[in-house]
Amino acid sequence: MNLAPSSVLDPPYTSTSPHGHNLALHSSAEHLHPSHREIISAAPIATAAWHAFLWLVIGNTIGVMLALLLLVPSLNAFLGEWTYGRWMMVHVNILLYGWCSLPMLGWLFRIYGADRSPLAPWCRPVLWTWSTALFIGSLTWLAGHSSGKLFLDWSGFARFAFSAAMLALWLLLACSMLLAWNSARNKPWAANAVKIIGLAILLAVPFAIYIASSPGLYPAINPSTGGPTGESQLKSSLGVVAILLIVPFGVARRKPGRNRPLAISVIVFAAESLLCLSMNRGDISHHLPSQYLSLGSLLIWLPLVPAYYATFQWHDNTRPWRTALLWWWGFLVVSGWIMFLPGVLDRFKFTDGLVGHSLVAVAGFLTALLAVVMVQLLGDDGWILTRRWSFHMWNWSVLAYVVLMLIAGSIEGSDPAFTIVPGPTRNVLYVLRLVTGILMLVSSAEWFAAASALTRIRAFVPSERSNEVTV
């Protein structure tokens, strides 16, 4: 199935760079009948990027503050009740539900046609509803209210507010699909079937998150570490793989005659899903071979993901971020498996080493994936993410941060007091950690400033092409 979205190969609007150059783009469907043309707004995608960068900047600012508090713990006295522990909840959640989620709202806008009139103006209220729910959640966490579950800290009124925000998104997507039911892009039955299945899944998400946030519901635990089991890790990793496989269909066309990597990927994913279903879901130690060997099956995706992504046609602006994505993906898969091995996980559990691994996942891999999505959706307007200095500053700073935390975690594994009792080595590592955090903040601030400029110049511009889904 080939999904042909709008602003990827033939962006549907005239773009103007910040230097005033007109970037008029030609359409591959200039001769379509007028009834097949749709008015597409660049504003929803640009606004989604603006909200995402806003939360990234806020999250990075809080991260810098947390790094400073670790270096100088006495500063906690000036924060009253809003000390390190509460700010940490805000930090991880706004990066997950803000930065890591909002670009995908833009992706959904494009797939379901919400960026096409007459519903395009409703994208902005949906984005603000999402951000408002996240703001309410932040106030709740700072007040000390939480479910106690990492990444599912939603409780009280914030728990209802975020579920409502997700339902508002679903309503917009459903209405957009209904209004465009007879359009050219929705004529193939397979396209409609996929979108309907997608809506069914999306409708279940807010209820699933609401239920999963309950303190009375908890997943299986690795008795040797107190963390997740191999089965849980494999299941969540396959969820990430599924996202990797689905995302290109929403933003890029497939190259003709390149079906083998797609077929192999689908077969491997199905086989690993069956493997996951066959595993014990109880409290199992990572010392059992079945746990770490099954997780090692993910190594097959090291060559598969690059081959899979090579079957799609990408905008030239995505090249640096696609390269970064593949490098971070390889680093994540290999380091994740190694750190789960018996002896290694026993040394790194609850240390800065796992903090470094989380940076590989979020600041490295996920950020690169989201950047590819946004640049691809924005077309030539993707210049906001492709400036060389901010691209390199971000990625090298993240890598330096990860190396520093792996060093600190290795020392901490044999000396638990290392990060508690100030010392020359610990202080040097934490100062360098603070510096890398500041550099990441500077990079994200530059992206936010560029996105702010972009939202001021984007408006409704008629498209010269049909955004149909072909099978």
Task: Side chains of W107 and I246 in contact at under 4.5 Å (non-hydrogen atoms) - done: yes

Task: Side chain proximity check, M440 to S444, heavy atoms < 4.5 angstrom - done: no

Within a reach of under 6.0 Å around [atom1] of [X], are more than 12 heavy atoms found that belong to other residues, nucleotides or ligands?
{"X": "F135", "atom1": "CZ", "value": "no"}
{"X": "R319", "atom1": "CZ", "value": "no"}
{"X": "L432", "atom1": "CG", "value": "yes"}
{"X": "F157", "atom1": "CZ", "value": "no"}

Under 3.5 Å: donor-acceptor pair, side chain of [X], backbone of [Y]:
{"X": "K349", "Y": "S224", "result": "yes"}
{"X": "W87", "Y": "W82", "result": "yes"}
{"X": "R254", "Y": "T311", "result": "no"}
{"X": "Y97", "Y": "L134", "result": "no"}
{"X": "W337", "Y": "Y292", "result": "yes"}
{"X": "K255", "Y": "A310", "result": "yes"}

Task: Plane angle bin for W50 and F448 - parallel if under 30°, tilted between 30 and 60°, otherwise perpendicular - done: tilted

Task: Steps toward side chain to side chain contact (heavy atoms under 4.5 Å, CB included) verdict (L385, W394) - done: CA-CA 11 Å; L385 268 165; W394 176 271; over 6 Å; no

TODO: Check each of L369, T367, V362 against C100 using the side chain to side chain contact (heavy atoms under 4.5 Å, CB included) test, and report the only one that passes.
DONE: V362

- [ ] Have a look at N60 and tell me which of V57, V64, L56 forms a side chain to side chain contact (heavy atoms under 4.5 Å, CB included) with it.
- [x] L56

Task: Within 45° cone and under 6.0 Å: R388 NZ/CZ vs F391 ring - done: no

Open item on the list: Using every non-hydrogen atom in the two residues, find where M374 and A49 come nearest and quote the distance to one decimal.
Closed with: SD-CB, 3.9 Å

Open item on the list: Just to verify, which of F160, Y210, W141 counts as forming a ring pair (Phe, Tyr, Trp, His ring centres under 6.0 Å) with W154?
Closed with: W141

